[in-house]
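Have a look at the structure below before the remarks.
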There are 2 protein chains.
Amino acid sequence: MTAEPRSLHERIIAEIGARIVSGEWAPGHRIPFEHELTEQYACSRMTVNKALSQLAQSGLIERRRRLGSFVRRPRSEAAVLDIHDIKAEIAALGLPYRYELISRQVRKAAKTDDFASVAGLVELTCRHFAGNAPFCFEERLISLETVPQAADEPFLEGTPGGWLLDHVPWSAAEHAIRARNADRKMAEALAIAPGTACLVVERRTWSADQLPITRVRLTYVGDGHAVVAHFSPNGA
Amino acid sequence: MTAEPRSLHERIIAEIGARIVSGEWAPGHRIPFEHELTEQYACSRMTVNKALSQLAQSGLIERRRRLGSFVRRPRSEAAVLDIHDIKAEIAALGLPYRYELISRQVRKAAKTDDFASVAGLVELTCRHFAGNAPFCFEERLISLETVPQAADEPFLEGTPGGWLLDHVPWSAAEHAIRARNADRKMAEALAIAPGTACLVVERRTWSADQLPITRVRLTYVGDGHAVVAHFSPNGA
DNA sequence: TTGACTAATATGTATATACATATCGAAGAA
DNA sequence: TTCTTCGATATGTATATACATATTAGTCAA
């Protein structure tokens, strides 16, 4: 699972963590006090403290003054979601990747956009191809308030996503993943039958000062795409 | 964003973290050496070391002996995915929740299951209702090798997911999320038109010793369900 | 009985110190 | 030149120590 721990505090983390994920120490169980672990491992309290602090930071245990440290009950259900770069995703299949800009316009934000930007925005639509077949349809809004340099960028070469990653630091994102039947326009764009189930991944990204950067809706062809997430309770 | 830091090492973490997520210190940027920060904050190296170690643990920076500490470039794209408990999800909408077991059988594992279990398995199908409308169709396999007590559990009261959470510790999970058109059988079970786009969440769970515990496929009614994920570069 | 104070206790934070370890760069040897 | 050695440097780990702080349990007085 994890690499063999070589330092003492890492060994303590590994051994306590193993008892927790194995269920030997169930949620709510009080793990030994620092001074007990100090004795058990024949080390200083600082070393034990470092180990327990890290276990607390990773969410496996909860520490309470005077009471001790306790195994936390599992969080709602959290998983690390990997949404791969579209280009890398297609390359992994051994298919040639191609990007095509369909439209680009600069305009004012409308209420229906649900995307506030006083300085206006850039609206892009484009397609991503795997080989000759369209793979993903992208509809994107970029805030000119947060990213004024987008007004001068033609977006003919690289993908808008890649350009933004290179030019704009971001601090928060939200993804929503839905299933939707392809309407006539989408079916045409993706060269599929109308009504085919599509996976719609919508992502919003914010800057450090909470201003919206971009909102993108990626529509993937039906069964051709899966979002995969891995999870372990200790967040490893 | 974060709560006001009250201790010194938390303040150091917050200030360095802010410069990173704001883009002031771009990926690859070398942050000040420990001894420089020691001077800057007028504190001991251990305090600075604690702060930088935590920043490294959370993935914001990378530390290299002799070279210093550097801002990490953003990982592929990872997000914390919250897949809510079905019951809580429906309760949040203010609708009454109901669970219905459709079938339960104990059988040997077949090759087509793609789910190894020498001791056989329990196969369950059930439905989750929001009010009077079916909300989610569940198809589950439970390994009797890892969870022998499942053979004696009727699963008439609580949901299989809840029962497993209460009885079996697990250490790893994998989710795959797809879009799929409802076939005739699924359309009937969910009381929707055949062909409607459904969100299919498939989850596999393993025990601490890497043995499979359960594999569940949850099929949600089309637009009625979205999986939402939040993400920030520092994992906060 | 109630309430306020107090002692005990476990964790939280910070310091000074020591030695280990990885690595770069420069000096010196082949 | 090329290879080796070695010193300098920044981080990694661990210790002993000190005081702060939150919380519980117990004591004692109104």
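Order of the sequence lines fixes the chain letters, A, B, ..., with proteins taken first and strands second; residue numbering starts at 1 for each chain. These numbers were taken from a predicted model, which means no experiment stands behind them.
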Check your understanding: Residues in side-chain contact (heavy atoms from CB on, under 4.5 Å) with B:His29, at least two apart?
Key -> B:Trp25, B:Ile31, B:Val71
N/O to N/O distances under 3.5 Å, protein versus nucleotides 3-6 of chain D:
none

Check your understanding: Within 45° of the ring axis of B:Phe137 and under 6.0 Å from its six-membered ring centre, is that where the NZ or CZ of B:Arg127 lies?
Key -> no
Review point. In whole angstroms, how far is the P atom of D:dG12 from the CD atom of B:Gln54?
Key: 13 Å
Study note, to complete from the structure: Residues at least two apart in sequence or cross-chain that pass salt bridge (Lys or Arg N to Asp or Glu O under 4.0 Å) with B:Arg215, listed by chain then number, are none
Review point. Going by an N to O cut-off under 4.0 Å, is there a salt bridge joining A:Arg11 and A:Glu15?
Key: yes
Exercise for review: Round to the nearest Å and state the distance from B:Phe33 atom CZ to D:dA8 atom C1'.
Suggested key: 12 Å
Practice item. Using heavy atoms and a sub-4.0 Å distance, could you list which residues of residues 40-52 of chain A are near DNA chain D? By number, please. Key: A:Cys43, A:Ser44, A:Arg45, A:Met46, A:Thr47
Exercise for review: Send over the distance from A:Ile13 CD1 to D:dG12 P, rounded to a whole Å.
Suggested key: 14 Å
Practice item. Figure out the CG/C1' separation between B:Leu8 and D:dC19, and round it to whole Å. Key: 16 Å
Exercise for review: Please list, chain by chain and in numerical order, all residues satisfying side-chain contact (heavy atoms from CB on, under 4.5 Å) with B:Gln40, sequence neighbours excluded.
Suggested key: B:Leu37
Review point. With sequence neighbours left out, what residues match B:Gln54 under side chain to side chain donor-acceptor pair (under 3.5 Å)?
Key: none
Point to revise | Distance, rounded to the nearest Å, where B:Glu39 contributes CD and C:dA16 contributes C1' | key: 17 Å
Check your understanding: Could you give the CG-to-P distance, from B:Leu37 to D:dA10, as a whole number of Å?
Key -> 12 Å
Exercise for review: List for me each residue that meets side chain to side chain donor-acceptor pair (under 3.5 Å) alongside A:Thr38, sequence neighbours excluded, and say none if there are none.
Suggested key: none
**Study point:** With A:Glu153 via side-chain contact (heavy atoms from CB on, under 4.5 Å) - residues at least two apart
**Key:** A:Phe155, A:Trp163
Practice item. Figure out the CD/P separation between A:Glu34 and D:dT15, and round it to whole Å. Key: 13 Å
**Study point:** Nearest-angstrom distance from the residue atom CD1 of B:Ile12 to P of C:dT13
**Key:** 12 Å
Study note, to complete from the structure: Residue set satisfying side-chain contact (heavy atoms from CB on, under 4.5 Å) with A:Asp114, at least two apart, ordered chain then number -> A:Arg204
Sequence neighbours left out, cut at 3.5 Å: what donor-acceptor pairs do the side chains of residues 142-151 of chain A make with other protein atoms?
from	atom 1	to	atom 2	distance (Å)
A:Ser143	OG	A:Ser117	OG	3.0
A:Ser143	OG	A:Glu145	N	3.2
A:Ser143	OG	A:Thr146	N	3.3
A:Ser143	OG	A:Thr146	OG1	3.2
A:Glu145	OE1	A:Val118	N	2.9
A:Thr146	OG1	A:Pro212	O	2.6

Review point. For DNA chain C, which residues in residues 61-70 of chain A have a heavy atom at a distance below 4.0 Å?
Key: A:Arg63, A:Arg64, A:Arg65, A:Arg66, A:Gly68, A:Ser69
**Study point:** Pairwise salt bridge (Lys or Arg N to Asp or Glu O under 4.0 Å) hits with a residue in residues 25-47 of chain B, at least two apart
**Key:** B:Arg30-B:Glu36, B:Glu34-B:Arg45, B:Glu34-B:Arg63
